[in-house]
2 protein chains.
Amino acid sequence: MALEHAILVSLLEQPGSGYELARRFERSIGRFWTATHQQIYRVLRRMEADGWIIAEEVDQGGRPDKRSYSVVGTGREVLAAWLRDPVQPEAVRHELAVKIRGAAFTDDAGRTALVAEVERYRATHEATLARYLTGEVRDFPAAAPLDDQHRLQHVVLRGGIAYERMVLAWLDDVLDTLRGLGR
Amino acid sequence: MALEHAILVSLLEQPGSGYELARRFERSIGRFWTATHQQIYRVLRRMEADGWIIAEEVDQGGRPDKRSYSVVGTGREVLAAWLRDPVQPEAVRHELAVKIRGAAFTDDAGRTALVAEVERYRATHEATLARYLTGEVRDFPAAAPLDDQHRLQHVVLRGGIAYERMVLAWLDDVLDTLRGLGR
DNA sequence: GCCAGCATGTAAGGAGTTACATGATTGA
DNA sequence: TCAATCATGTAACTCCTTACATGCTGGC
């Protein structure tokens, strides 16, 4: 379990409210850890109760008040201890791979539909890669020297880019294979 | 949710018991869908109750009896319908990426420990890649012509191989970055 | 005699998903 | 005025993980 830890890292990078965290999980952090606002609010309350983070009520004039959270000493210690733990093997869930092997047990119409679906899926990954590359030139310009925090963010983003490139190449392989079946 | 579907595909490829399925999930299917035997037994009972699969009691002499499951008409229809559904975006959970960004908020000792942990993690992926490559030459010899089922299994395995190669290259990048911090 | 493997389960608890709910402001 | 965005939640349910449980056989 590491939603707590993902939240600690995000709040250390930049304090913020549950709502802001939810938006970060949709964008940057969502690349490697997904969470909905419901989960986030629940975990934030627990973390506050356990003294890992503290909240500050922020009056925003017109907009609703927000509770901005920051990490305190205990939270830092929890994170440091977790960083020293062994990395758990990831639980892989790749639905498309199941479908591809399932294609052996369907008819021509089903395969044609799957090809169309793989193409649609490929387009979403192409869009993701384009978003990452745009973000990379915006946030990590080659000329500017980076501090540790940004160098680490950059290497994680490079992982996302490498992943998307690998997926796209593999999906081309998949499409070739699907189209070449039954010959 | 697609554990049912992963089981349907596996049982279509080869009928078997809950125990045998659990072993396949540890090996081949586990590359893209993980499940424990507890989950598998529970889902198998539900699938049998819903008439997707049928069980046959097999007396094995010395060893305990087993219930060998096969997919029947309803199960095939469920699978065909599911293959036509859009692929859900994967829920990503990459603990190591969280830790890498977390390394910005720990001390030298913590970073040294993380480097060691990444090296250990890298070794497990190297072993996984070696296993995949061994399996590939064993199961998909270049000379033999393959039927559709095996061509699809092969393209999924190639995806696993591409993934492991990508991960290894990225982990080298991560190690370089971690070692270059604070300079 | 002991361990690994075969074979199937129960139970408890934590995590995650989906649906629903509220109420304000800002911009088109 | 209508939709989008900001901001925070509850409730019900499903799913997944972890721990525990049983009992047999074959090989070292």
Side-chain angles (χ1 to χ4, degrees), chain A residues 1-7 10-11 15-27 29-30 32-50 53 55-69 82 85-86 88-95 98, chain B residues 1-7 10-11 15-27 29-30 32-50 53 55-69 85 88-95 98:
Chain A
M1 225 306 314
L3 177 54
E4 284 94 322
H5 305 112
I7 289 176
S10 190
L11 288 178
S17 67
Y19 185 83
E20 283 162 348
L21 280 169
R23 296 188 64 228
R24 290 184 212 167
F25 272 85
E26 275 171 23
R27 307 199 201 309
I29 309 165
F32 49 88
W33 205 273
T34 52
T36 60
H37 78 274
Q38 292 91 336
Q39 278 177 273
I40 291 167
Y41 282 116
R42 187 154 21 105
V43 171
L44 279 174
R45 258 174 287 149
R46 187 168 66 220
M47 290 168 76
E48 193 188 4
D50 292 345
I53 57 178
E56 188 197 354
E57 298 283 341
V58 180
D59 184 284
Q60 300 190 110
R63 277 181 281 175
D65 293 359
K66 65 175 181 183
R67 291 170 62 76
S68 186
Y69 291 98
W82 176 72
D85 284 347
Q88 299 296 120
E90 314 295 329
V92 182
R93 293 285 146 90
H94 204 319
E95 202 189 350
V98 181
Chain B
M1 227 305 314
L3 177 54
E4 285 94 323
H5 305 112
I7 289 176
S10 189
L11 288 179
S17 66
Y19 185 85
E20 282 162 348
L21 281 169
R23 295 190 64 230
R24 291 183 212 168
F25 272 84
E26 274 171 25
R27 307 202 201 309
I29 309 166
F32 49 89
W33 206 274
T34 51
T36 60
H37 77 274
Q38 292 91 334
Q39 281 176 272
I40 291 166
Y41 282 116
R42 188 155 18 101
V43 171
L44 279 173
R45 260 174 287 148
R46 189 168 63 219
M47 291 168 75
E48 193 188 4
D50 292 345
I53 56 177
E56 189 197 355
E57 299 283 343
V58 179
D59 185 284
Q60 301 189 108
R63 276 182 282 175
D65 293 358
K66 66 177 179 182
R67 292 169 61 75
S68 186
Y69 291 96
D85 284 348
Q88 298 297 121
E90 314 295 328
V92 182
R93 295 284 146 91
H94 203 319
E95 202 187 351
V98 181

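Each chain gets a letter, A, B and so on, in the order its sequence line appears, and its residues count up from 1.
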Interface residues of residues 15-23 of chain B with DNA chain C (non-hydrogen, below 4.0 angstrom)
Ser17(B), Gly18(B), Tyr19(B), Arg23(B)
Does Arg42(B) put a side-chain nitrogen or oxygen below 4.0 Å from OP1 or OP2 of dA11(C)?
no
Check: Arg46(A) and Val43(A) side chains under 4.5 Å, non-hydrogen atoms
yes
Short side-chain N/O contact from Gln39(B) to OP1 or OP2 of dT17(D), under 4.0 Å:
yes
Rounded distance in Å - CD1 (Ile7(A)) to C1' (dG16(C))
13 Å
In whole angstrom, what separates Ile40(A)'s CD1 from dG9(D)'s P?
12 Å
Is any side-chain nitrogen or oxygen of Tyr41(B) closer than 4.0 Å to OP1 or OP2 of dT8(C)?
yes
I need the CG-P distance between Leu3(B) and dT14(D), as an integer number of Å.
16 Å
Of the nucleotides dT17(C), dA7(C), dC15(D), which one has an atom closest to the side chain of Lys66(B)?
dA7(C)
Difference in axis direction between the ends of the helix from dG1(C)-dC28(D) to dA28(C)-dT1(D), five pairs, 10°:
30°
Separation of dG13(C) P from Arg46(A) CZ (nearest whole Å):
15 Å
What is the minimum heavy-atom distance between Leu44(A) and Gly18(A), and which atoms define it?
CD1-CA, 3.5 Å
Between Ser68(B) and Val58(B), the two heavy atoms sitting closest are CB-CG2, 3.9 Å
Please identify each residue that fulfils side-chain contact (heavy atoms from CB on, under 4.5 Å) with Gln38(B), with sequence neighbours left out.
Thr36(B)
So which protein N/O to nucleotides 18-22 of chain D N/O distances come out below 3.5 Å?
{"residue": "dA19(D)", "atom": "N6", "partner": "Gln38(B)", "partner atom": "NE2", "Å": "2.7"}

For Tyr19(A), which residues count as a side-chain contact (heavy atoms from CB on, under 4.5 Å) partner, sequence neighbours excluded?
Ser17(A), Arg23(A), Tyr41(A)
side-chain hydrogen bond (donor to acceptor under 3.5 Å, both in side chains) filter on Glu48(A), not counting sequence neighbours, yields Arg67(A)
OH of Tyr69(B) to CZ of Arg45(B), rounded to nearest 0.5 Å, is 8.0 Å
Glu90(A) CD to dC16(D) C1': how many Å, rounded?
16 Å
Residue list, side-chain contact (heavy atoms from CB on, under 4.5 Å) with Glu90(A), at least two apart or on another chain
Val87(A), His94(B), Glu95(B), Tyr121(B)
Between dT17(C) (P) and Glu95(A) (CD): distance, integer Å:
13 Å
Arg24(A) meets the side-chain hydrogen bond (donor to acceptor under 3.5 Å, both in side chains) criterion, sequence neighbours left out, with Ser10(A)
On DNA chain C, more 5' by nearest nucleotide between Ala35(A) and Ser68(B) is Ser68(B)
Rounded to the nearest 0.5 Å, how far does CD of Glu4(A) lie from CG of Asp50(A)?
8.5 Å
Round to the nearest Å and state the distance from Arg93(B) atom CZ to dG16(C) atom C1'.
7 Å
Under 4.0 Å between any heavy atoms, over every strand shown, what does Arg67(B) touch: base, sugar-phosphate, or nothing? Just pick one.
sugar-phosphate
With sequence neighbours left out, the residues meeting side-chain contact (heavy atoms from CB on, under 4.5 Å) with Ala22(B) are His37(B), Ile40(B)
Rounded to the nearest angstrom, tell me the gap between atom CZ in Arg45(B) and atom P in dT8(C).
11 Å
Just so I know, are the side chains of Leu11(A) and Leu21(A) near enough to count as touching, which here means a heavy-atom distance under 4.5 Å?
yes
